[in-house]
There are 2 protein chains.
Amino acid sequence: MPGPIQSLSRAAAIMRLLAGGERRLGLSEVATALDLAKGTAHGILRTLQQEGFVEQDPESGKYQLGAELLRLGQSYLDVHELRARALVWADDLARAAGETVYLGVLHQQGVLIVHHVFRPDDTRQVLEVGSMQPLHSTALGKVLVAYDPVARGELGDGPYESYTVRTLTEAVDVDAECALIRERGWADAVEETWDGVASIGALIQDRRRNPVGAVCISGPVERVCEDGFVKPSLVASVRSAARAISRDLGAGRF
Amino acid sequence: MPGPIQSLSRAAAIMRLLAGGERRLGLSEVATALDLAKGTAHGILRTLQQEGFVEQDPESGKYQLGAELLRLGQSYLDVHELRARALVWADDLARAAGETVYLGVLHQQGVLIVHHVFRPDDTRQVLEVGSMQPLHSTALGKVLVAYDPVARGELGDGPYESYTVRTLTEAVDVDAECALIRERGWADAVEETWDGVASIGALIQDRRRNPVGAVCISGPVERVCEDGFVKPSLVASVRSAARAISRDLGAGRF
DNA sequence: GCATGACGGTCGACATTGTCGAACGATGGC
DNA sequence: GCCATCGTTCGACAATGTCGACCGTCATGC
């Protein structure tokens, strides 16, 4: 039976739609957005609601995502082997570098953050686990594009969205940068997504040397860079953390 | 068309099954566990995989939950009105009390943690957003049971699971405690779930005075209690935070 | 090394099941 | 007070998902 189950694909589309829009959506909005009959959309929504994937505001009748998704998302993290192995190394890296640490994996056309260690100083910070970052303008993303053909495929041929004046928006530029990344073994992104923010990332491999994710540190340009380049000492810290995690996953010695 | 969509309910059951078991599950295991034909289970799993809700380990062929669930779970938090309003108040409460703060909502037969502020001292702590706590043995849970008939219904008639010697396992005891909670307006749980841990919780209401969640502080008995009772000053802090959040939700003055 | 069993995956026939579009009652805005 | 729009229900139809047998592959163990 090759071919997806129609009702399931539609349910997934509805949930993605609800995740996208900031506010709650009404039945009719959902139905027209996905070009479904109202009755059909209602049946799917009712089932999703029953299962806890969707909730309905009792007074307005509008729908939003449900709590079960949060619970299952947490379960995903619990089973995630890469994340489990990386926890302690990410902690050490954050302490050694004095900066925020992110751990990301390829998901669709972006990098999904699966772990986030706050910068050791205790300024207010928001947990970003579960959020996505672009592939073409972040250290995490470029590492994955450089080493994972699937990620390069997802990236497409551009032009890519521009976030700052330093964002690479053309495929040729990104590919050239990726060649450099492969050559030296690490990636950086200085003010390519957010002004004032620089990051340094390196690849994580599994036991068969397949790329499975990336780790990076991220912080203000003033602290991460020196004379216009990222500090070599930070690069070394990130690379050694990436190696340690890969070794933990069984990738063997380097 | 009253009646859930069969394939959707089955898909939900599969995801819950995958979330429950610690390890990855094979196709046959899934099929027999849910009493489905292998072909049917495979069709559902393939669709779920295509949508990113499930991932398959390429070498073993076994299935586990997928990254899309994490992303959607995060989106759930983003839209969550209670959580959004409570963020700043929870922060203040943690600072004022010097203890960990949890924000929870009723979900199925437990309390789902939707926000978690670390204790201000910087000992290592694990984020518990997305995890569940029992209804009958935590401050959050008992608050909800006391004020929300739905929560009381989910609790059932017991006997309930016992975690420590102080856990209330009989429905009559819990109901008596809930009457007390309603009378004085707050709940506590001293070593009822974890030895050495005490917590104090209070109700959060929406604009129509419906119970929508609860907030609590949690910490070591030695700091939270005094002479065998929870410290009145902490109770006051928790209650005023709960009132502030409720007011933010439009519940009006008290 | 060969037979065996269990595994994930595929196929095609069947009828169950989800889909559609119209119709209903409730709600809110002009 | 009317009209438009909302979420929801209903029944008929056939498209759709389900079932059980079958295939190739891998690991196991005589």
Side-chain angles (χ1 to χ4, degrees), chain A residues 1-18 21-66 79 206-208 210 250, chain B residues 1-18 21-66 79 206-208 210 250:
Chain A
M1 188 206 315
I5 292 180
Q6 189 187 48
S7 54
L8 265 182
S9 299
R10 287 174 166 179
I14 287 180
M15 286 195 279
R16 267 193 285 272
L17 183 69
L18 290 176
E22 298 300 293
R23 71 212 160 72
R24 295 186 256 257
L25 261 46
L27 169 63
S28 305
E29 293 176 280
V30 172
T32 58
L34 298 176
D35 206 26
L36 296 175
K38 262 198 307 182
T40 305
H42 178 66
I44 295 174
L45 278 167
R46 188 152 42 78
T47 308
L48 286 175
Q49 180 184 10
Q50 213 162 297
E51 302 290 346
F53 292 96
V54 152
E55 291 169 4
Q56 185 176 29
D57 184 35
E59 35 188 328
S60 70
K62 292 180 184 297
Y63 294 92
Q64 64 174 344
L65 292 181
V79 210
D206 68 4
R207 60 186 70 82
R208 292 186 324 201
N210 291 321
Chain B
M1 188 205 316
I5 292 179
Q6 190 187 45
S7 54
L8 264 182
S9 299
R10 287 173 166 180
I14 287 180
M15 287 195 279
R16 266 192 286 271
L17 183 69
L18 290 176
E22 297 300 294
R23 72 212 159 71
R24 294 185 256 260
L25 261 46
L27 169 63
S28 305
E29 292 177 280
V30 171
T32 58
L34 298 177
D35 207 27
L36 295 176
K38 262 199 307 182
T40 305
H42 181 249
I44 295 174
L45 278 167
R46 189 154 39 78
T47 308
L48 286 175
Q49 180 183 10
Q50 213 161 297
E51 303 290 346
F53 292 97
V54 152
E55 291 169 4
Q56 186 175 27
D57 184 35
E59 36 188 329
S60 70
K62 291 181 184 299
Y63 294 91
Q64 63 174 342
L65 292 182
V79 221
D206 69 4
R207 62 186 70 81
R208 292 186 324 201
N210 291 322

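When the P atom is compared between D:dA15 and D:dG11, the two are found 22 Å apart, to the nearest whole Å. Rounded to a whole angstrom, the distance from the P atom of C:dG12 to that of C:dT16 is 22 Å.
Straight-line distance from the CG atom of A:Leu34 to the C1' atom of C:dC20: 16 Å, rounded to whole Å. Atoms CG (B:Leu45) and P (D:dT18) sit 12 Å apart, rounded to a whole Å. For A:Leu27 and C:dT27, the CG to C1' distance is 15 Å, given to the nearest whole Å. We find that NE2 of B:His42 is positioned 15 Å from C1' of D:dG17, with the value rounded to whole Å. One atom, CD1 of B:Ile44, and another, C1' of C:dG8, lie 16 Å apart when rounded to the nearest Å. Rounded to an integer number of Å, the gap from CD1 of A:Ile14 to P of D:dG7 is 13 Å. Nucleotide C:dA22 holds its P atom 11 Å from the NZ atom of A:Lys38, rounded to whole Å. Across the protein-nucleic acid pair, B:Lys62 atom NZ and D:dA27 atom P stand 13 Å apart, rounded to whole Å.
The salt bridge (Lys or Arg N to Asp or Glu O under 4.0 Å) search around B:Lys62 returns B:Glu29, not counting sequence neighbours. For A:Asn210, there are no side-chain hydrogen bond (donor to acceptor under 3.5 Å, both in side chains) partners two or more places apart in sequence or in a different chain.
Residues A:Met15 and A:Leu48 approach most closely at CG-CD1, 4.1 Å, considering heavy atoms. Heavy-atom minimum distance, A:Leu27 versus A:His42: CD1-N, 3.6 Å. Contact between B:Leu18 and B:Tyr63 at its shortest, heavy atoms only, is CD2-O, 3.6 Å. A:Ser28 and A:Lys38 make their closest contact through OG-CD, 3.8 Å (heavy atoms, listed as atom of the first residue, atom of the second, distance).
With D:dT18, C:dG8, D:dG7 as the choices, the nucleotide that has an atom nearest any side-chain atom of B:Thr40 turns out to be D:dT18. The side chain of A:Ala37 lies closest to C:dC20, out of D:dC22, C:dC20, D:dG7.
The closest side-chain heavy-atom distance from A:Leu34 to A:Ile14 is below 4.5 Å.
Residues A:Leu8 and A:Gly26 both approach DNA chain D. Their nearest nucleotides, taken by heavy-atom distance, put A:Gly26 toward the 5′ side.
Here B:Ser28 does not reach the OP1 or OP2 of C:dA6: none of its side-chain N or O atoms lies under 4.0 Å away. For B:Tyr63 and C:dC7, the shortest distance from a side-chain N or O to OP1 or OP2 is not below 4.0 Å.
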Donor-acceptor contacts, no H, no angles, side chain residues 3-12 of chain A, under 3.5 Å, sequence neighbours left out:
residue	atom	partner	partner atom	Å
A:Ser7	OG	B:Ser7	OG	2.7
A:Ser9	OG	A:Ile5	O	3.4
A:Ser9	OG	B:Glu51	OE2	3.4

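Taking the C1' atoms of five terminal pairs at each end of the helix from C:dG1-D:dC30 to C:dA15-D:dT16, the two resulting helix axes are inclined by 0°, rounded to 10°.
A heavy-atom distance below 4.0 Å to DNA chain D is reached by these residues of residues 50-57 of chain A, ordered by number: A:Gln56.
A side-chain donor-acceptor contact under 3.5 Å links A:Gln56 to the backbone of A:Gly61.
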Between the protein and nucleotides 13-16 of chain D, which nitrogen or oxygen pairs are less than 3.5 angstrom apart?
residue	atom	partner	partner atom	Å
D:dT16	OP1	A:Gln6	NE2	3.1

